[in-house]
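Below is one structure, written out as structure tokens; the observations come after it.
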Amino acid sequence: RGGGRGGGRGGGGGRNYDDGPPERVVELGKFVYACEGDLVLESMNDMIYLPSSPVYRKNIVAVGKVDEVFGPLTKVFYSIKPSDGIQATSFSVGDILYANPARLKSPEIFTGNGSRGGGRGGGRGGG
């Protein structure tokens with residue numbers, strides 16, 4: 001039993017550190033409203049942006065990070081926690097925000113319909 005903090009498999013967790021701004025950004029979604037200080041975006045991209053990923057303006061200035069991904073895969077929304085000094089109410093409906101393309105993933109990884117091998121083997125033979 002892996003005692004202690006963070007023990008066990010894999011060590012120290014995911015990529016929650018800031019890798020700095022990307023060289024280029026792609027459209028993520030359009031601002032639809034502010035809710036409890038967060039920005040809510042409607043996705044304009046067929047891919048899913050990973051939680052905790054930074055969100056940018058077109059000029060690659062970070063405005064916040066993805067807090068939650070919600071809605072069906074056919075109509076995805078994101079709640080964005082704004083960075084310090086950024087107010088959700090300073091955005092206008094329809095403003096487009098941008099994503100680091102390296103952090104966009106295929107929706108299949110969330111549904112289990114990816115190209116990975118089949119499930120577990122069959123039951124025990126009885127006999």
Side-chain angles (χ1 to χ4, degrees):
R1 300 192 230 255
R5 273 184 86 148
R9 298 184 192 171
R15 289 182 44 150
N16 256 353
Y17 61 90
D18 184 4
D19 2 351
E23 290 183 19
R24 69 181 188 92
V25 290
V26 296
E27 288 184 349
L28 174 61
K30 59 185 173 187
F31 176 76
V32 287
Y33 58 88
C35 180
E36 297 180 4
D38 287 358
L39 294 87
V40 176
L41 299 185
E42 181 178 350
S43 180
M44 299 169 58
N45 198 305
D46 292 337
M47 305 289 268
I48 306 295
Y49 204 41
L50 297 175
S52 299
S53 297
V55 177
Y56 302 93
R57 293 188 188 272
K58 189 171 187 168
N59 62 359
I60 313 182
V61 170
V63 297
K65 288 191 175 194
V66 173
D67 187 42
E68 293 184 61
V69 181
F70 58 97
L73 289 176
T74 55
K75 191 169 176 93
V76 174
F77 289 85
Y78 300 96
S79 68
I80 310 298
K81 284 273 183 227
S83 302
D84 289 339
I86 304 284
Q87 298 293 318
T89 54
S90 67
F91 291 84
S92 299
V93 172
D95 283 354
I96 296 175
L97 293 175
Y98 296 81
N100 177 347
R103 308 268 305 158
L104 287 164
K105 301 298 176 192
S106 172
E108 283 78 27
I109 70 167
F110 299 98
T111 63
N113 293 333
S115 60
R116 287 206 160 141
R120 297 177 59 147
R124 293 184 176 152

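Since this is a predicted model, take the numbers as computed values, not measurements.
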Notebook entry, point to check: Of the non-hydrogen atoms in Ile96 and Met44, which two are nearest, and what is the gap between them?
Noted result: CD1-CE, 4.0 Å

Next item on the list: Flag yes if Phe77 and Val26 sit in one hydrophobic cluster, no otherwise; membership is Ile, Leu, Val, Met, Phe, Trp, Tyr, and two members link when side-chain heavy atoms are under 4.5 Å apart.
Entry: no

Next item on the list: Indicate the atoms forming the closest heavy-atom contact of Ile60 with Glu23, along with that distance.
Entry: CD1-O, 3.5 Å

Notebook entry, point to check: Which heavy-atom pair separates Ala88 from Phe31 by the least distance, and what is that distance?
Noted result: O-CZ, 3.7 Å

Margin query: Centroid separation under 6.0 Å, is that true for the rings of Tyr56 and Tyr98?
Written below: no

Item checked: Tyr33 atom OH, neighbour heavy-atom count above 12 within 6.0 Å -> no

Note to self: Hydrophobic clustering (ILVMFWY, side-chain heavy atoms < 4.5 Å, transitive) - are Val55 and Val32 grouped together?
What the structure shows: no

Note to self: Could you report the tightest heavy-atom contact between Ser83 and Gly64, atom names first, then the distance?
What the structure shows: OG-N, 3.2 Å

Item checked: Shortest non-hydrogen contact between Arg24 and Pro101, atoms and distance -> O-CD, 3.4 Å

Notebook entry, point to check: Which value, rounded to the nearest 0.5 Å, describes the distance between Ile48 atom CD1 and Leu73 atom CG?
Noted result: 5.5 Å

Check: When clusters are formed by joining ILVMFWY residues with side-chain heavy atoms under 4.5 Å apart, either directly or through shared neighbours, do Tyr49 and Val61 land in the same one?
Finding: no

Next item on the list: Could you tell me the separation between the CG atom of Leu104 and the CG atom of Asn45, rounded to the nearest 0.5 Å?
Entry: 5.0 Å

Item checked: Distance (rounded to the nearest 0.5 Å) between Leu97 CG and Glu27 CD -> 10.5 Å

Check: If you measure from CD1 on Ile80 to OG on Ser53, what distance do you get to the nearest 0.5 Å?
Finding: 9.0 Å

Notebook entry, point to check: Looking at CG of Leu50 and CG of Asn100, how far apart are the two atoms once the value is rounded to the nearest 0.5 Å?
Noted result: 10.0 Å

Check: Is Val40 linked to Phe91 within one hydrophobic cluster, defined over Ile, Leu, Val, Met, Phe, Trp and Tyr using a side-chain heavy-atom separation of less than 4.5 Å?
Finding: no

Next item on the list: Can you measure from CE (Met47) to CD1 (Ile109) and round to the nearest 0.5 angstrom?
Entry: 8.5 Å

Notebook entry, point to check: What heavy-atom pair brings Arg57 and Val63 nearest, and what distance separates the two atoms?
Noted result: CG-CG1, 3.5 Å

Margin query: With heavy-atom distances below 4.5 Å as the criterion, would you say the side chains of Pro82 and Asp38 are in contact?
Written below: yes

